[in-house]
Amino acid sequence: MTPPRTLYDKLVDAHTVARLDEDGSTVLLYVDRSVLNEYTSPQAFTGLREAGRQVWAPERLLGVVDHVNATTPTRTAEMPDPGGAGQVAYFARNCRDFGIELFDILHPMQGIEHVVAPELGLILPGMVVAAGDSHTTTYGAFGALGFGIGTSDIEHMLATATVVYRRLAPMQVVVDGRLPLGVTAKDVVMALIETIGADGATGCAIEFTGQTIADLSVEGRMTLCNMAVECGARGALIAPDQTVLDYLKPLARAPKGDAWTAAADAWTKLKADPEAVYARRVVLQAEAIEPMVTWGTSPDQAASVRARTPNPETEASPARRRDVARALDYMGLQPGALLEEIRIDRAFIGSCTNARIEDLREAAAVLQGRQVAEGVRAMVVPGSSAVRRQAEAEGLDRIFLNAGFEWRQSGCSMCLAMNDDVLAPGERCASSTNRNFEGRQGAGGRTHLMSPAMVAAAAVFGRITDVRRLGA
Amino acid sequence: MEPFQTVEGGAAAMPAANIDTDVIMPKQFLKGIDRKGLARGVFFDLRFDEAGGPRETFVLNQPPWTEARFLVVGPNFGCGSSREHAVWGLAQLGIRALIGTSFAGIFFDNCARNGLLAITLPADEIETLLALAADPATCRFTIDLAEQVIEGAGRQLRFEIDASRKHALLNGLDPVGVTLARADEIRAFEAAHLAANPWLAPAAAP
Ligand code: SF4
């Protein structure tokens with residue numbers, strides 16, 4: 001009898017082409033699908049060209065321009081700078097020469113890769129998806145094992161349809177109970193990261209279970225799995241259920257007809273065995289989670305919006321004292337300051353974490369009939385061109401514009417500020433993104449991560465604000 | 001890939017936790033299409049001031065650590081973005097090994113693919129190495145990969161490494177070439193996999 005297995009183990013076993021060492025801890029893992037972008041792929045293609053190698057299965061790849069393009073309200077193919085222009089041109093040449101479908105900047109389906117691939121139905125339960133971006137974990141929302149790889153591994157994957165893969169330890173995260181009003185998937189994952197630390201799941205693949213997870217929409221699950229990488233997880237899985245099947249069925253590239261029936265049948269069986277053993281288990285209670293905000297420069301430096309910044313003096317270890325002091329200094333914050341008294345200069349709603357249609361609806365609900373505070377520059381960058389069109393069809397763009405937000409074209413934008421959407425040194429931003437690292441949104445810029453509704457509330461009040469004060 | 005066998009050199013201490021790849025290689029250095037010219041970008045905002053001059057307070061700007069070949073680092077080094085530029089830059093700066101309690105997963109793999117040895121050790125041993133690295137009199141280490149030993153100031157510390165990773169580093173192997181030698185195996189797996197999961201064959205663009 002085979003011992004009971006986790007969902008993670010099942011997916012790895014089902015994709016193992018060969019064991020590469022005696023105990024099977026390193027395997028040659030088959031990759032079903034990948035998405036490429038313009039900034040992590042160029043050197044991989046150069047490597048292929050130099051070695052005279054081909055792409056193994058170009059029909060299973062999609063190229064999307066998303067990181068370096070401008071997001072000015074009127075779409076233009078012009079790149080903000082020559083470096084970006086060079087990358088986009090080389091990307092187009094690579095996709096053409098190797099026969100890979102490309103959504104370039106003017107394509108009607110252009111957007112952030114982790115928004116575009118799922119909305120097309122390219123990400124299916126049970127798949128292994130390896131791609132050159134760390135937030136490939138997003139696809140766990142569908143029960144697909146998604147993980148980020150570097151450029152050398154992209155080259156390997158392009159040439160061989162496989163990656164050399166080291167098995168991770170399966171870790172179970174249970175979120176039980178019902179989320180209070182005003183608390184979202186973003187707050188759940190931020191609470192998890194705060195609890196276990198930025199390296200709390202390093203070497204692990206997370207499986208999320210529990211009532212809270214079952215109640216989340218597919219988009220909420222994507223937010224959760226997306227940010228799992230911020231606690232070090234290189235894979236985050238949720239077993240597919242009826243919610244996922246209903247979401248996938250109408251999508252353009254999802255299987256149709258008999259293929260759908262066979263697939264749906266197989267996907268319903270994709271779950272961990274009841275007795276499966278996890279290397280680690282963490283339990284969160286939904287009722288205890290509050291809207292979360294980061295105060296520091298690592299995603300685990302976060303707290304309830306009602307809390308205060310920590311005091312380095314009261315930290316237990318010298319290392320933590322040093323890290324907290326350094327983070328507060330960079331952020332320009334005093335120890336023991338109320339988070340709700342922190343004033344902001346910018347508000348940003350965007351990124352693969354929180355720029356899908358549900359995110360825009362939540363933010364618009366807060367902004368309806370309200371105005372952005374004086375002195376705050378606020379922008380919305382939809383996750384994809386399709387999300388942008390959908391929002392316009394629902395009239396959300398009018399709500400954002402009337403409130404004083406800029407309504408922009410899709411892309412990564414100020415999530416990593418590789419285009420000209422950047423914070424000036426010292427500027428403070430309420431941001432629906434996933435990383436508050438030093439300089440992430442611009443050298444010297446200060447980022448506070450939070451949910452899109454909380455960004456909207458911060459924009460209205462000009463300072464970090466508990467969205468529940470608005471009766472949301 | 002340059003093989004890693006026995007390497008001797010100076011070690012610098014960088015004890016802060018969660019040094020991310022945005023800090024190791026800021027975004028303005030990600031605009032290229034080749035792997036070149038990245039040495040200048042490494043730790044750019046820590047190494048250089050607004051005017052472009054070296055910051056005296058940063059360890060890699062202080063002799064003897066200007067010549068460092070190893071970094072002893074804090075927990076979760078290399079977290080964040082998958083950008084391999086961070087590893088290319090470190091290698092181009094002459095860094096051959098990183099020693100810490102934990103590394104982020106993608107970064108750890110990127111190191112292995114580029115001949116950069118990433119060694120994990122327990123926290124107390126890292127404390128010892130940090131102390132040795134912080135003192136110019138004791139900051140020279142020798143790392144012998146075949147023997148899996150770090151030697152510094154007369155002390156020897158053993159480290160663990162996967163057999164397959166060690167083999168690739170010692171021999172400087174081209175991993176794509178190694179895997180392509182198994183192309184038949186991959187093809188056989190693929191045929192069975194697609195037959196069992198027919199919906200994985202992509203639908204044509206509508
Ligand atoms: S939106 Fe941000 S995190 Fe997501 S892929 Fe783009 S840069 Fe990366």
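A, B, ... follow the sequence lines: proteins, then strands. Residue 1 opens every chain.
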- Task: Look at A:K256, A:E438, A:H15 and state which one has the largest set of heavy-atom pairs under 4.5 Å with chain B.
- Result: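 Greatest number of close heavy-atom pairs with chain B: A:H15.
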- Message: Shorter than 4.5 Å, heavy atoms on both sides: which option in A:A259, A:G83, A:G232, A:S152 has the most such pairs with chain B?
- Response: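 Between A:A259, A:G83, A:G232, A:S152, the count favours A:S152.
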Could you tell me which portion of [X] (side chain, backbone, both or neither) has an atom closer than 4.5 angstrom to a non-hydrogen atom of chain B?
{"X": "A:R440", "value": "both"}
{"X": "A:V17", "value": "both"}
{"X": "A:T162", "value": "side chain"}
{"X": "A:H67", "value": "neither"}
{"X": "A:T160", "value": "both"}
{"X": "A:A319", "value": "neither"}
{"X": "A:D81", "value": "side chain"}
{"X": "A:W56", "value": "side chain"}
{"X": "A:Y39", "value": "both"}
{"X": "A:A14", "value": "backbone"}
{"X": "A:M127", "value": "side chain"}

Might you confirm whether atom [atom1] of [X] has over 12 heavy atoms from other residues, nucleotides or ligands at distances under 6.0 Å?
{"X": "A:D258", "atom1": "CG", "value": "no"}
{"X": "B:E185", "atom1": "CD", "value": "yes"}
{"X": "B:R155", "atom1": "CZ", "value": "no"}
{"X": "A:R49", "atom1": "CZ", "value": "yes"}
{"X": "A:R326", "atom1": "CZ", "value": "no"}

- Task: Tabulate, in ascending numerical order, the residues of residues 90-117 of chain B having at least one heavy atom closer than 4.5 Å to a heavy atom of chain A, or enter 'none'.
- Result: B:S102, B:F103, B:G105, B:I106, B:D109, B:N110, B:R113, B:N114
Once you round to the nearest 0.5 Å, how far does [atom1] of [X] lie from [atom2] of [Y]?
{"X": "B:E190", "Y": "A:Y30", "atom1": "CD", "atom2": "OH", "value": "3.0 Å"}
{"X": "B:S82", "Y": "A:R234", "atom1": "OG", "atom2": "CZ", "value": "9.5 Å"}
{"X": "B:D34", "Y": "A:E50", "atom1": "CG", "atom2": "CD", "value": "9.5 Å"}
{"X": "B:L30", "Y": "A:T40", "atom1": "CG", "atom2": "OG1", "value": "10.0 Å"}
{"X": "B:N76", "Y": "A:C231", "atom1": "CG", "atom2": "SG", "value": "10.0 Å"}

- For side chain to side chain contact (heavy atoms under 4.5 Å, CB included), just list the numbers for A:T26 and B:R165, CA-CA rounded to whole Å, side-chain angles, deciding distance to a tenth of an Å, and then say yes or no. CA-CA 9 Å; A:T26 305; B:R165 199 169 283 241; over 6 Å; no
- Could you check A:T46 against B:I33 for side chain to side chain contact (heavy atoms under 4.5 Å, CB included), going step by step and ending with a plain yes or no? CA-CA 8 Å; A:T46 302; B:I33 58 172; 5.5 Å; no
Quick one: are [X] and [Y] in side-chain contact, heavy atoms under 4.5 Å?
{"X": "B:H167", "Y": "A:L20", "answer": "no"}
{"X": "B:D162", "Y": "A:S25", "answer": "no"}
{"X": "B:S164", "Y": "A:R166", "answer": "no"}
{"X": "A:W260", "Y": "B:W199", "answer": "no"}
{"X": "B:V23", "Y": "A:F437", "answer": "no"}

- Message: For a quick check under 3.5 Å, do B:W88 and A:Q43 share a side-chain donor-acceptor pair by atom type?
- Response: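 The criterion, which ignores hydrogens and geometry beyond distance, is not satisfied for A:Q43 and B:W88.
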Please state whether the side chain, the backbone, both or neither of [X] comes within less than 4.5 Å of a heavy atom of chain A.
{"X": "B:H85", "value": "side chain"}
{"X": "B:A183", "value": "both"}
{"X": "B:P198", "value": "neither"}
{"X": "B:P175", "value": "both"}
{"X": "B:L46", "value": "side chain"}
{"X": "B:D174", "value": "side chain"}

- Message: Set out, in order, the CA-CA distance, both residues' side-chain angles and the distance that settles side chain to side chain contact (heavy atoms under 4.5 Å, CB included) for A:L416 and B:S81, then state yes or no.
- Response: CA-CA 10 Å; A:L416 91 166; B:S81 152; over 6 Å; no
Main chain of [Y], side chain of [X]: is a donor-acceptor contact present, judged purely on distance under 3.5 Å?
{"X": "A:Q87", "Y": "B:G32", "result": "yes"}
{"X": "A:D323", "Y": "B:A16", "result": "no"}
{"X": "B:K31", "Y": "A:M418", "result": "yes"}

- Task: Mind listing the closest non-hydrogen atom pair of B:L200 and A:D32 along with its distance?
- Result: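 So the two residues come closest at CD1-OD1, 3.5 Å.
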- Task: Pull out the residues in residues 129-137 of chain A that come under 4.5 Å of chain B, heavy atom to heavy atom, sorted by number.
- Result: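 The residues closer than 4.5 Å to chain B, in numerical order, are A:G132, A:D133, A:S134.
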- Message: Using a 4.5 angstrom heavy-atom cutoff, name the option from B:D20, B:L194, B:N197 with the most pairs to chain A.
- Response: B:D20
- Please test B:V176 against A:L48 for side chain to side chain contact (heavy atoms under 4.5 Å, CB included), starting from the C-alpha separation and ending with a verdict. CA-CA 10 Å; B:V176 180; A:L48 288 185; 5.7 Å; no
- Query: Between A:I154, A:T151, A:I149, which is the residue that forms a side-chain contact (heavy atoms from CB on, under 4.5 Å) with B:E84?
  - Reply: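 For B:E84, the side-chain contact (heavy atoms from CB on, under 4.5 Å) check succeeds only for A:T151.
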